[in-house]
Amino acid sequence: MNLENDKNCAWITDLDKRNNISSLENNEETDWLIIGAGYTGLSASRKLGQLYPNKKIILVDAQLAGEGASGRNSGYLVDTTLNDGFTSNKEFENYKKKTDIYELGIGAIKRFIKEYQVNCDWNEAGKYFASSKIEDKKILINFSDTLNKLGFEHRLLNNTELKKKLGTSFYNIALFTKGGILLHPGKLVRAMIDALPQNVRLFENSPLLYWKKDKEIISCNFKNGVIKAQKIIFATNGFLKSLGIKKNYNFPITLTASMTRPLTDNEFKSIGEPKEWGVCQ
Ligand SMILES: Cc1cc2nc3c(=O)[nH]c(=O)nc-3n(C[C@H](O)[C@H](O)[C@H](O)COP(=O)(O)OP(=O)(O)OC[C@H]3O[C@@H](n4cnc5c(N)ncnc54)[C@H](O)[C@@H]3O)c2cc1C
């Protein structure tokens with residue numbers, strides 16, 4: 001059989017086509033304007049819509065909502081990250097704060113998918129931090145010490161155990177954390193679009209070109225219209241700089257991930273039919 005990988009973002013092509021897309025064609029006035037409809041802008045819009053049901057809220061994206069990084073990432077919901085060097089007490093405190101934020105984030109997504117009955121292939125599969133280099137064991141042991149202090153369930157695995165779990169003998173050493181979750185990022189972000197409250201209007205394919213604040217009014221220029229807002233939230237991720245915000249603070253990078261075709265039954269059998277897993281190298 002001649003199988004080929006496709007050439008699009010598989011998370012997005014996996015979803016039904018949307019038919020409720022509109023772009024900004026007129027001038028508008030609003031109480032709140034949110035720029036960027038990824039996870040951040042969609043969450044902010046939903047929350048504001050719930051808190052202020054009588055206020056006008058507009059959400060705008062340069063492309064289709066949720067089709068930036070939010071709809072095309074690797075789908076890990078992490079409770080811990082491997083940061084070699086969290087050794088001093090101060091760094092340890094900072095790492096703890098980070099994991100507290102991860103916990104809050106996971107809790108928020110859990111509540112969202114429960115409340116809106118979202119199917120986003122939620123899979124509490126845990127996560128492997130793996131390496132093919134045996135000398136990386138010391139990094140994983142340091143990491144294990146940190147996780148022990150914080151009470152995160154985890155364990156170290158060797159090549160033989162990894163072959164059984166992952167179906168490949170490529171990795172020689174790994175640390176498995178139980179709390180990692182895998183999900184379908186496209187389905188999650190689509191559900192967030194569908195859950196936007198009535199008082200949130202969404203305009204897509206409408207990049208913000210420039211903006212200015214005059215007294216208390218923020219005036220935002222788009223190709224086909226101007227939006228005047230009382231308040232604004234920029235949720236454009238790495239593109240903040242192009243809007244003149246925090247110019248020396250962040251910058252966009254290109255990061256790519258790819259999805260292969262599904263394995264055939266024979267291929268799957270040949271690797272020992274492992275359960276779903278996620279590996280971070
Ligand atoms: C390949 C890849 C893999 C990743 N894997 C993971 C992972 O496994 N787990 C994880 O937690 N994170 C992962 N990330 C990171 C994660 O996807 C991002 O942190 C997250 O999507 C950020 O969400 P956001 O809403 O802040 O920004 P984005 O999703 O980037 O949304 C910003 C939006 O702003 C819009 N925008 C930009 N400029 C303008 C403008 N001028 N006018 C109007 N709109 C504008 C963009 O079109 C975009 O839709 C990955 C990222 C990539 C690229």
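Heavy atoms only: backbone and side chains are in, while hydrogens, waters and symmetry mates are out. Just follow the structure's listing: the first ligand is 1, and inside any ligand the first atom is 1.
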Just which atoms of ligand 1 are under 4.0 Å from any heavy atom in Gly75?
8 (O)
Crowding at CD, Glu29 (>12 non-hydrogen neighbours, <6.0 Å):
no
Anything under 30° is parallel, anything over 60° is perpendicular, the rest tilted; go ahead and classify Trp211 against Phe234.
tilted
Short side-chain to backbone donor-acceptor contact, Ser70 and Tyr39, under 3.5 Å
yes
Does the residue Asp61 have a heavy-atom contact with ligand 1, meaning some pair of atoms that are separated by less than 4.0 Å?
yes
Identify the closest protein heavy atom to atom 9 (N) of ligand 1: which residue and atom is it, and at what distance?
Tyr76 O, 2.8 Å
Which residue owns the protein heavy atom closest to atom 31 (O) of ligand 1, what's the atom, and how far is it?
Gly38 CA, 3.6 Å
By salt bridge (Lys or Arg N to Asp or Glu O under 4.0 Å) - contacts of Lys137 (at least two apart):
none
Looking only at distances, please establish whether an N/O atom of ligand 1 is found under 3.5 Å from an N/O atom of Ala37.
no
Can you list the atoms of ligand 1 that are under 4.0 Å from a heavy atom of Gly36?
33 (C), 34 (O), 35 (C)
Treating Tyr76 as the side-chain partner and Val279 as the backbone partner, does any N or O pair qualify as donor plus acceptor under 3.5 Å?
yes
Which one holds for Phe239 and ligand 1: side chain close, backbone close, both close, or neither close, with close meaning a heavy atom under 4.0 Å?
side chain
Given Leu77, Asn237, Leu208, identify the one with the heavy atom nearest to atom 22 (C) of ligand 1.
Asn237
The answer for which part of Ala235 has a heavy atom under 4.0 Å from ligand 1 is backbone
With heavy atoms and a 4.0 Å threshold, my read on which part of Ile35 contacts ligand 1 is side chain
For atom 19 (O) of ligand 1, is the nearest protein heavy atom closer than 4.0 Å?
no
Nitrogen or oxygen of Ala62 less than 3.5 angstrom from that of ligand 1:
yes
For ligand 1 and Arg72, I'd like to know whether there is a polar contact (N/O to N/O, distance under 3.5 Å).
no
Nearest candidate to atom 5 (N) of ligand 1, where distance is taken over non-hydrogen atoms, out of Ser74, Ser43, Cys220
Ser74
Expected output: side-chain Arg72 to main-chain Ile12 donor-acceptor under 3.5 Å:
no
Atom 39 (C) of ligand 1: closest protein heavy atom, distance to 0.1 Å, is Thr236 CG2, 3.7 Å
Go through the structure and list residues passing ring pair (Phe, Tyr, Trp, His ring centres under 6.0 Å) with Tyr210, not counting sequence neighbours.
none
Among all protein heavy atoms in this structure, tell me which lies nearest to atom 24 (P) of ligand 1, with the distance rounded to 0.1 Å.
Thr40 OG1, 3.3 Å
Taking atom CD of Glu153 and atom CG of Asp79, what is their separation to the nearest 0.5 Å?
10.5 Å
shortest atom 16 (C) of ligand 1-to-protein heavy-atom contact is with Asn73 ND2, 4.1 Å
Which residue holds the protein heavy atom closest to atom 52 (C) of ligand 1, what is that atom called, and what is the gap in Å?
Leu255 CD2, 3.6 Å
With a 4.0 Å cut-off, strictly under, does atom 35 (C) of ligand 1 pick up any protein heavy atom?
yes
May I ask you to decide if the ring planes of Phe143 and Tyr95 are parallel, tilted or perpendicular, using 30° and 60° as cut-offs?
perpendicular
Determine yes or no for a side-chain-to-main-chain donor-acceptor pair under 3.5 angstrom, with Asn221 supplying the side chain and Leu209 the backbone.
no
Among protein heavy atoms, which lies nearest atom 21 (O) of ligand 1, and at what distance?
Ser70 OG, 3.0 Å
Is a side-chain donor or acceptor of Glu204 paired with a backbone partner of Ala65 at a separation under 3.5 angstrom?
yes
Flag the pair Lys231 and Asp31 as a salt bridge only when some basic side-chain nitrogen lies within less than 4.0 angstrom of an acidic carboxylate oxygen.
no
